[in-house]
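Along the sequence shown, residues are numbered consecutively beginning with 1. As the structure lists them, so they are numbered: ligands from 1, and atoms in each ligand from 1.
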Amino acid sequence: MKKEIRIFSPGTVSNVSCGFDVLGFCLDHIGDEMVVRITEEKGISITKIEGYDLPFETEKNMAGVSAMALIKDFQPDIGFEIEIYKRIKPGSGIGSSAASAAGSVFAINELLGRPYNKIQLTQFAMKGEAIASQSEHADNLAPAIFGGFVLVKSLDPLEILDLPTPEELYAVIIHPQIEIKTSEARAILPKAISMKEAITQWSNLGSLVHALHTQDYELMRRSLQDVVAEPYRSKLIPHFEEVKQATISAGALGHGISGSGPSMFALAKGESSAIALEKAMREVYQNSEIDFETYVSKVNKEGIKVMTIS
Ligand code: HSE
């Protein structure tokens with residue numbers, strides 16, 4: 001039996017403008033690392049956290065809570081200790097909590113010889129993710145676990161559709177270094193939307209899914225619009241409209257809020273276009289007093305990766 005595993009648990013972009021709570025994709029080299037080791041003592045312990053200040057108490061830590069859900073089901077005669085090397089800032093909008101919650105269950109499943117499938121891992125991970133957002137949703141977890149673009153068709157029963165990833169698609173991210181809590185970004189949304197908004201949103205989501213299947217970049221451009229969350233949440237993000245105007249003028253296929261923000265994402269066809277979008281984003285933020293990071297990433301089709309196992 002393998003005793004120790006090191007994994008890379010990637011960041012993700014959820015919602016993707018028109019798919020609030022149901023659509024997401026996986027980023028490539030932006031993510032956390034975790035080491036999980038078998039222990040003789042039963043249970044889950046978090047033994048090391050580097051990068052950001054997160055709770056060591058298993059029941060307060062997202063990686064801990066999801067891991068507990070898995071072992072509660074599996075009842076192994078062993079335990080696991082978890083080291084978290086956090087690179088994705090909590091509250092960034094690029095799936096920081098999902099990377100933790102999905103990473104621990106993925107790693108434990110590998111050490112146990114893969115008794116669970118990806119749907120089951122997503123279910124365990126949802127228990128951890130729920131601590132951050134105070135609601136269960138899987139649009140960051142499922143892309144981290146499955147890779148590529150995924151659509152969360154339903155939560156109960158959990159049904160996840162693996163969508164195709166167009167070859168030339170790149171994501172560009174700008175992460176202003178402020179924190180927006182998912183629970184707060186959810187609380188400001190209206191409880192109901194109008195029929196007109198609903199029709200616009202489901203027409204855009206349907207056509208975006210079609211565009212992914214047909215690699216139709218121009219249809220993607222016409223579909224990446226959000227009339228449900230962006231009008232409310234964009235107010236929480238400094239310079240949102242300026243950055244959006246800048247990326248759209250620079251040729252973005254679309255620009256929106258990554259998850260619940262403050263990160264924003266733009267999609268590009270091809271790497272040179274992506275680099276132009278990154279430059280456009282940086283030019284807006286360079287003139288502000290807010291620190292920021294930018295990333296250019298291909299869509300990661302693989303999801304969480306095993307780095308070493310022994
Ligand atoms: N779909 C979620 C939201 C993602 O937008 O609130 C954040 O975790």
**Request:** List every atom of ligand 1 that sits less than 4.0 Å from any heavy atom of Asn140, numbering the atoms from 1 in the order shown and giving each element.
**Result:**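 Near Asn140, meaning under 4.0 Å from one of its heavy atoms, ligand 1 has 4 (C), 7 (C), 8 (O).
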**Message:** Within ligand 1, which atoms have a heavy atom of Asp21 less than 4.0 Å away?
**Reply:**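 Those of ligand 1 that fall under 4.0 Å from Asp21 are 1 (N), 2 (C), 3 (C).
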Does a salt bridge link [X] with [Y], judged by any charged N lying under 4.0 Å from a carboxylate O?
{"X": "Glu167", "Y": "Lys269", "answer": "no"}
{"X": "Lys86", "Y": "Asp32", "answer": "yes"}
{"X": "Arg6", "Y": "Glu33", "answer": "yes"}

**Asked** Would you say ligand 1 has an N or O under 3.5 Å from any N or O of Ser14?
**Response**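 Between Ser14 and ligand 1 (N or O atoms, distance only) the closest approach is not under 3.5 Å.
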**Request:** Compute the shortest N/O to N/O distance between Glu129 and ligand 1 and return yes if it is under 3.5 Å, no if not.
**Result:**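 There is no such contact.
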**Message:** Test your reading of the model: is there a side-chain donor-acceptor pair from Ser297 to the backbone of Asp28, 3.5 Å cut-off?
**Reply:**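 Answer holds: yes.
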**Message:** Quick one about Ser17 and Gln225 (side-chain donor to acceptor, distance below 3.5 Å, no hydrogens or angles considered), yes or no?
**Reply:**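 Checked: Gln225/Ser17 side chains show no N/O donor-acceptor pair below 3.5 Å.
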**Asked** Would you call Ala185 a ligand 1 contact, heavy-atom distance under 4.0 Å?
**Response**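 Heavy atoms of Ala185 never come under 4.0 Å of ligand 1.
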